[in-house]
Amino acid sequence: VKVERFPLSAPIPGIGSSSSYLVYYGEWTKAKIDEVEKFDLVILHPATNITPADIANIKDGADDIPDNEDDVLVFGYLSIGEDDVDEPRTGNGAGPGGYASWYMDADNNDYPDRNGQWGSFYVNAGDTYWQEFIKAATFPGSKTAGSDYIIHTSGCDGLFLDTLDTASPWGNYSSTAQGMSSFVQ
């Protein structure tokens, strides 16, 4: 499998200001796949009911012929600043309350801090155990699809990184900014 890497400062080849794009994290049907094949770029959540075959179908565009001008770039959603689970993971047990070391506990209540809007848990993206987990996480039975799954199993062309703002200099976890930056890089 050949994976092309684009420099962080370079534009995405074939995508410009007049390109059409769609961000969709919902359920997939044949009709929805047919609809999104008309966009230049589609950002989707690989931990939904979409299969690698569905992603390949989207990528080859409306004409269903790969490697021509109507192909669609498909990027897979990946949260790197929050862990979207119902209960925190045990992981290596070195974090707050014996949970994984990557969780944050700014209020010092010995329980990982939770995003009140989404319900996910804030993480330190600079934690090497989180980096290993987010790379290797696989989809079946999880809300999380890791980068290896997104690129190599699902067949997405790239990653759409979300929750980078966890490390915002204006938030409770600004101390994690350097680790976030290093991880993204």
Legend entry - Hydrophobic cluster identity match, Ile15 and Phe160, side-chain contacts under 4.5 Å: yes
Legend entry - Separation between CG of Leu44 and SG of Cys156, rounded to the nearest 0.5 Å: 5.0 Å
Legend entry - Which atom of Asp60 lies closest to which atom of Glu37, heavy atoms considered: OD1-OE2, 3.9 Å
Legend entry - Closest non-hydrogen atom pair between Ser20 and Lys38, with its separation: OG-O, 4.0 Å
Legend entry - Expected output: side-chain Asp165 to main-chain Ser168 donor-acceptor under 3.5 Å: no
Legend entry - Enclosure of Tyr25 OH (heavy-atom neighbours >12, cutoff 6.0 Å): yes
Inset, instruction - Could you tell me whether the side chain of Asp63 reaches within less than 4.5 Å of the side chain of Asn68, counting heavy atoms only? - result: yes
Legend entry - Inter-residue atom distance Asp54.CG - Ile33.CD1, 0.5 Å rounding: 3.5 Å
Legend entry - Tyr173 side, atom OH; Met104 side, atom CE - distance, nearest 0.5 Å: 6.5 Å
Legend entry - Thr176 side, atom OG1; Asn124 side, atom CG - distance, nearest 0.5 Å: 5.5 Å
Inset, instruction - Output the distance between atom CZ (Phe133) and atom OG1 (Thr128), rounded to the nearest 0.5 Å. - result: 14.0 Å
Legend entry - Any Thr29 side-chain heavy atom under 4.5 Å of Asp34 side chain: no
Inset, instruction - Might you point out which heavy atoms bring Ser19 and Gly16 nearest each other, and give the distance in Å? - result: OG-N, 2.8 Å
Inset, instruction - Show your working on side-chain contact (heavy atoms from CB on, under 4.5 Å) between Ile12 and Phe75 and close with a plain yes or no. - result: CA-CA 11 Å; Ile12 299 170; Phe75 285 12; 3.7 Å; yes
Inset, instruction - Could you tell me whether the side chain of Val72 reaches within less than 4.5 Å of the side chain of Val36, counting heavy atoms only? - result: no
Legend entry - Heavy-atom pair with the smallest gap, counting every atom of Ala100 and Gly91: CB-CA, 3.8 Å
Legend entry - Salt bridge present between Glu35 and Lys32 (N-O < 4.0 angstrom): yes
Inset, instruction - Would you please name every residue forming a side-chain contact (heavy atoms from CB on, under 4.5 Å) with Asp107, sequence neighbours left out? - result: Asp105, Asn109, Asp113
Legend entry - Distance-only donor-acceptor check, side chains Asp162 and Tyr77, under 3.5 Å: yes
Legend entry - Worked check of side chain to side chain donor-acceptor pair (under 3.5 Å) between Ser181 and Gln185: CA-CA 6 Å; Ser181 178; Gln185 197 169 36; 5.3 Å; no
Inset, instruction - Give a yes or no on whether the backbone of Thr163 and the side-chain of Thr166 come within a donor-acceptor separation of less than 3.5 Å. - result: yes
Inset, instruction - Please round to the nearest 0.5 Å and tell me the distance separating atom CG of Asp71 and atom CG of Asp40. - result: 10.5 Å
Legend entry - Check: Gln131 side chain, Ala125 main-chain N or O, donor-acceptor pair, under 3.5 Å: yes
Legend entry - Carboxylate-amine/guanidinium proximity below 4.0 Å for Asp83 and Arg89: yes
Inset, instruction - Specify the closest pair of heavy atoms between Phe121 and Val85, including all atoms of both residues, with the distance to one decimal. - result: CE1-O, 3.5 Å
Legend entry - Val184-Trp102 co-clustered via ILVMFWY side chain contacts under 4.5 Å: yes
Inset, instruction - Would you name the heavy atoms of Pro66 and Asp64 that are closest together and state the gap between them? - result: CD-O, 3.9 Å
Inset, instruction - Taking the side chain as every heavy atom from C-beta outward, state whether Val42 and Tyr24 have any atom pair closer than 4.5 Å. - result: no
Inset, instruction - Determine yes or no for a side-chain-to-main-chain donor-acceptor pair under 3.5 angstrom, with Asp157 supplying the side chain and Val74 the backbone. - result: yes
Legend entry - Check: Ser101/Asp127 side-chain N/O donor and acceptor closer than 3.5 Å: yes
Legend entry - Tyr111 ring center near Tyr103 ring center (under 6.0 Å): no
Inset, instruction - Find out whether Pro112 and Tyr122 are in side-chain contact, i.e. whether some heavy atom of one side chain is under 4.5 Å from a heavy atom of the other. - result: no
